[in-house]
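Report on the following structure.
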Amino acid sequence: MSSRIFQCTCQKCGAEFEFTGDYEKFNEFLDSKNFACPSGHTESRSPRAFVKVVKMSEPEAIVEWKPAEGKNYVDVLDALTVRIKGMQIDHLGSGLYIDRRTLKKYDYEEDAKGNRHYFEIPA
Ligand SMILES: [Zn+2]
């Protein structure tokens with residue numbers, strides 16, 4: 001898994017907190033029906049209405065990286081691959097990319113040698 005640290009602030013009370021997990025998990029969290037702020041208040045709206053991402057770290061390297069089953073790996077940094085697939089790749093920051101044509105997002109897993117293995121984030 002491609003674990004990142006998301007530094008967030010609550011826009012209602014200003015509390016700062018961190019979320020650790022992959023981008024997919026973080027989006028699941030943002031799509032929750034309720035938001036329990038670490039400072040104590042709970043809201044019956046999704047965290048998207050309250051949480052502001054201040055900073056997103058790059059994922060940590062995976063010592064013994066192996067392709068995960070069911071993941072669609074695409075080398076979005078390879079110009080030839082991108083051209084053949086007709087992708088319009090754009091950087092979102094911290095190594096996350098989006099294909100502007102399909103709006104699919106791509107995250108990566110880094111192996112011990114520093115190679116990035118990009119995969120499609122399931123919608
Ligand atoms: Zn709060």
Side-chain angles (χ1 to χ4, degrees):
M1 138 163 144
S2 179
S3 194
R4 297 171 183 265
I5 296 166
F6 298 86
Q7 288 178 9
C8 309
T9 56
C10 171
Q11 304 199 81
K12 184 170 181 176
C13 71
E16 294 178 7
F17 62 97
E18 284 184 358
F19 181 98
T20 304
D22 60 20
Y23 190 75
E24 207 185 326
K25 286 272 179 315
F26 183 64
N27 274 297
E28 279 172 20
F29 157 69
L30 290 182
D31 287 335
S32 328
K33 295 218 161 40
N34 305 297
F35 172 54
C37 182
S39 78
H41 63 99
T42 53
E43 307 290 338
S44 55
R45 288 169 70 193
S46 120
R48 283 197 193 278
F50 301 96
V51 174
K52 187 180 167 204
V53 180
V54 180
K55 207 175 149 199
M56 173 173 69
S57 77
E58 293 188 344
E60 277 177 30
I62 300 166
V63 180
E64 287 185 47
W65 182 83
K66 275 196 298 257
E69 227 174 278
K71 262 186 187 165
N72 184 20
Y73 290 92
V74 181
D75 190 354
V76 298
L77 301 184
D78 182 72
L80 187 61
T81 303
V82 165
R83 200 164 69 220
I84 288 169
K85 289 182 178 274
M87 301 166 96
Q88 288 169 20
I89 290 297
D90 210 353
H91 191 216
L92 292 173
S94 300
L96 270 175
Y97 284 85
I98 188 168
D99 180 351
R100 292 283 178 208
R101 202 173 55 86
T102 60
L103 298 181
K104 281 181 180 160
K105 286 180 183 167
Y106 296 87
D107 198 356
Y108 70 92
E109 294 164 341
E110 188 173 294
D111 64 27
K113 288 178 185 157
N115 298 312
R116 292 182 176 191
H117 305 275
Y118 273 89
F119 60 88
E120 192 182 309
I121 299 172

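Both counts, for ligands and for their atoms, begin at 1 and track the order of listing.
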For [X], does the [atom1] atom sit with more than 12 other heavy atoms under 6.0 Å from it, leaving out its own atoms?
X	atom1	answer
E16	CD	no
K71	NZ	yes
R45	CZ	no

task: Mind telling me whether F35 and H41 have parallel, tilted or perpendicular rings, with 30° and 60° as the class edges?
output: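 H41 and F35: perpendicular rings.
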task: Determine how many protein N/O/S atoms sit closer than 2.8 Å to the Zn ion (ligand 1), leaving waters out since they are not shown.
output: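 Under the 2.8 Å cut-off, the count stands at 4.
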query: Is D22 close to S3 at the side-chain level, that is, under 4.5 Å between some pair of heavy atoms?
result: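 S3 vs D22: side chains apart.
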- prompt: Taking the side chain as C-beta and beyond, is there a heavy-atom pair between W65 and K113 under 4.5 Å?
  reply: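 Answer no - side chains too far apart.
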